[in-house]
Amino acid sequence: MGEDELEGDWIHGWPDRKRAELMPSRDAEGRVIMARSPVLDLEGLITPTDASYIVTQLEMPDPIHPDDYSFSLFGEIENAVEYSLEELRRLPGRTVRAVTECAGDDAAFFDYLQDRSNNPKPSLRVKQEEFGTWRRIDTEEQPEFDPSAAGMLATGLVSAGEWIGVPLSEVLQRAGVKDSAVAIRVEGFDEGRPDPMLQFLSVGRDDFEVVDPGIINYDKGLPMDKAMDPDTILAWSHNGEYLQHVHGAPVRLIVPGWAGNWWVKWIHKIEVMDHMPDCYHQTHYFVSGKSPDDPEKKMMTALGVKTLIKYPRDEDSPIKTGVHSIRGMAWSGEGEVVRIEVSTDGGESWAGAHVEYSPDKWLWIRWSYLWEVDAPGAYSILARATDEQGRVQPQTEWNFQRKHFDGIVPMDVVVEA
Ligand SMILES: Nc1nc2c(c(=O)[nH]1)N[C@H]1C(S)=C(S)[C@@H](COP(=O)(O)O)O[C@H]1N2
Ligand SMILES: [Mo]
């Protein structure tokens, strides 16, 4: 093994490859509060827990000991109940492998695709230090609004994992849901005052009014259909271990296909409601529309359909003439990805790529395409996915908060002899 492959990592007393490292943002105590995943340096379908992205909208809560933990279930049901972790674990379990993607992942690519000359291309490899801090939630003072830093760091907010828990529907059916039920409001025990800076960074300007709900708990009101989907589960296990605190221990919600913000962490209350609740992170944030004062803002739910080219990226240039395996991942918010097409001439012609078989419809798939390139020069490489519903990438139009980006991003690669 080459010297550079051995740098730093010795596993069980043996030299090993370099581990892929999370790109974290920390609080004043050095604790990680947000992190981007090193997606390009990972192999396979499951993101190791220590390389999975982390997002917190409010403040990180203090951890709760699993023995002291319970959540309450109340509202439009026959019997209100309290579940300890042990009681939850006695119910029939379910394992779900799924992609989690933050609604804001790759947001800056919206601008880049609209106007390539005035917007730098976001890099998935740029680290925190190279940009200064991203966001510290423990600072009293509002940092200066800097639109350029934000988008560049909103990459790598996607991971995939194996989650074990109990279907939310199982818990609801046992409690006897009334016919009046419309939504299930799931609340976390984390609280805080939503930082308007997050909206400013997301919209790209700070000249508009942001609703201030005061101190709130993070919550989401899941529509009944999705709540009753057997794959929507209350999970306590992630990638073969108990959930880590940053990922919502002791119990979090898994909502396959829907953006990360639906996956409520640190569950504390589950309320069955006869109307859609007015959750801040549902009616004011994570909404689509034309501008902050668009009267027709809509809540955003399922992700579109999207590819990630892992090789070759712009940064891999120059590459040599010969055979290259163009490869990457693809996922969809509405089930399995069934087709990947690749173009090496900027979108003039497309060819089918190999799509690896996968039994898990909510997980991303691996795809690859063998490219024989004899002529040196500049190439524009594209990939686009189609899912089992026949939805072709991209599905999500530009929206003022720039959420759910699923556009086709060209890789600009230089080939030399
Ligand atoms: N209670 C609670 N749940 C939450 C959040 C939060 O701030 N509080 N953030 C959401 C957002 S925006 C995302 S993208 C995912 C991130 O999950 P992860 O940190 O485990 O990757 O959690 C969601 N669940
Ligand atoms: Mo998110």
Side-chain angles (χ1 to χ4, degrees), residues 22-25 27 31-39 46-64 69 71 98-107 134-135 137 150 153-163 165 185-195 198-199 201-202 213 215-222 232 234-239 241-270 279-282 284-287 299-301 303 333 401-405:
L22 211 54
M23 296 175 267
S25 186
D27 68 9
R31 302 176 300 195
V32 174
I33 51 177
M34 288 208 177
R36 291 156 58 226
S37 175
V39 281
I46 298 292
T47 309
T49 308
D50 291 339
S52 294
Y53 85 93
I54 301 165
V55 166
T56 24
Q57 297 292 332
L58 304 170
E59 281 165 45
M60 271 285 187
D62 284 334
I64 286 190
Y69 172 77
F71 69 83
V99 166
T100 325
E101 186 179 23
C102 180
D105 186 32
D106 291 337
W134 179 15
R135 169 178 170 249
I137 51 179
L153 286 171
T155 60
L157 301 180
V158 59
S159 303
E162 178 183 275
W163 308 90
R185 193 180 67 85
V186 182
E187 183 184 295
F189 57 76
D190 54 329
E191 51 176 41
R193 192 166 166 199
D195 183 347
L198 284 183
Q199 292 240 19
L201 292 174
S202 163
I215 292 176
I216 57 169
N217 284 89
Y218 188 86
D219 65 348
K220 294 285 289 191
L222 198 61
T232 297
L234 298 167
W236 60 80
S237 165
H238 181 201
N239 295 343
E241 295 176 313
Y242 288 106
L243 260 181
Q244 288 183 356
H245 179 58
V246 290
H247 295 296
V251 177
R252 81 172 303 172
L253 191 64
I254 303 305
V255 190
W258 287 24
N261 58 81
W262 288 95
W263 302 41
V264 180
K265 305 196 268 194
W266 308 295
I267 294 176
H268 170 57
K269 288 178 184 166
I270 302 180
C279 307
Y280 175 88
H281 292 97
Q282 180 160 348
H284 300 293
Y285 199 37
F286 304 124
V287 289
M299 77 171 178
M300 302 183 82
T301 59
L303 295 167
Q401 292 180 349
R402 296 181 289 188
K403 301 305 186 195
H404 294 213
F405 174 82

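In each ligand, atom 1 is the first atom listed, and ligand 1 is the first ligand listed.
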- Parallel, tilted or perpendicular, as decided by the 30° and 60° cut-offs, for the rings of His247 and His238: perpendicular
- Item | Non-hydrogen side-chain atoms of Thr100 and Trp163 separated by less than 4.5 Å | yes
- Item | For atom 24 (N) of ligand 1, closest protein heavy-atom neighbour | Trp263 O, 3.0 Å
- Please tell me if the side chains of Tyr53 and Arg36 come closer than 4.5 Å, counting only heavy atoms from C-beta onward. no
- Query: Is there any N or O on Thr56 that sits under 3.5 Å from an N or O of ligand 1?
  - Reply: no
- Query: Taking N or O atoms only and a 3.5 Å limit, does Lys265 qualify as a polar contact for ligand 1?
  - Reply: yes
- Does any N/O atom on Thr100 come nearer than 3.5 Å to any N/O atom on ligand 1? no
- Message: Tell me whether Asn239 contacts the main-chain N or O of Thr47 through its side chain, where contact means a donor paired with an acceptor under 3.5 Å.
- Response: yes
- Query: Hey, are the side chains of Glu101 and Leu303 touching, using non-hydrogen atoms and a 4.5 Å cut-off?
  - Reply: yes
- Task: Tell me which part of Asn261 gets within contact of ligand 1: side chain, backbone, both or neither, using heavy atoms under 4.0 Å.
- Result: both
- Message: Which option wins on minimum heavy-atom distance to atom 20 (O) of ligand 1: His238, His247, His281?
- Response: His247
- Task: Among all protein heavy atoms, pick out the one at the shortest distance from atom 21 (O) of ligand 1; state its residue, atom name and that distance to 0.1 Å.
- Result: Tyr53 O, 2.7 Å
- Message: Only heavy atoms of Cys102, strictly under 4.0 Å: list the atoms of ligand 1 that pass.
- Response: 14 (S)
- Query: Do Leu222 and Thr232 have side chains that get closer than 4.5 Å, going by heavy atoms?
  - Reply: yes
- Item | Gln57 and Asp195: side chain donor to acceptor below 3.5 Å | no
- If you scan protein heavy atoms around atom 7 (O) of ligand 1, the nearest is Gln57 N, 2.8 Å
- So which heavy atom in the protein is nearest atom 23 (C) of ligand 1, and how far is it from that ligand atom? Gly260 O, 3.2 Å
- Task: Mark up the atoms of ligand 1 that fall under 4.0 Å of a heavy atom belonging to Asp190, in ascending order.
- Result: 1 (N), 2 (C), 6 (C), 7 (O), 8 (N)
- Tell me: protein heavy atom nearest atom 9 (N) of ligand 1, and distance? Val55 O, 3.6 Å
- Message: If I compare all heavy atoms of Ala249 with all of Trp266, which pair ends up nearest, and what's the gap?
- Response: O-CD1, 3.0 Å
- Report, in ascending order of atom number, the atoms of ligand 1 lying under 4.0 Å from any heavy atom of Arg252. 15 (C), 17 (O), 18 (P), 20 (O), 22 (O)
- Task: Looking only at distances, please establish whether an N/O atom of ligand 1 is found under 3.5 Å from an N/O atom of Phe286.
- Result: no
- Message: Any side-chain to backbone donor/acceptor pair from Ser202 onto Gln401? Under 3.5 Å, distance only.
- Response: yes
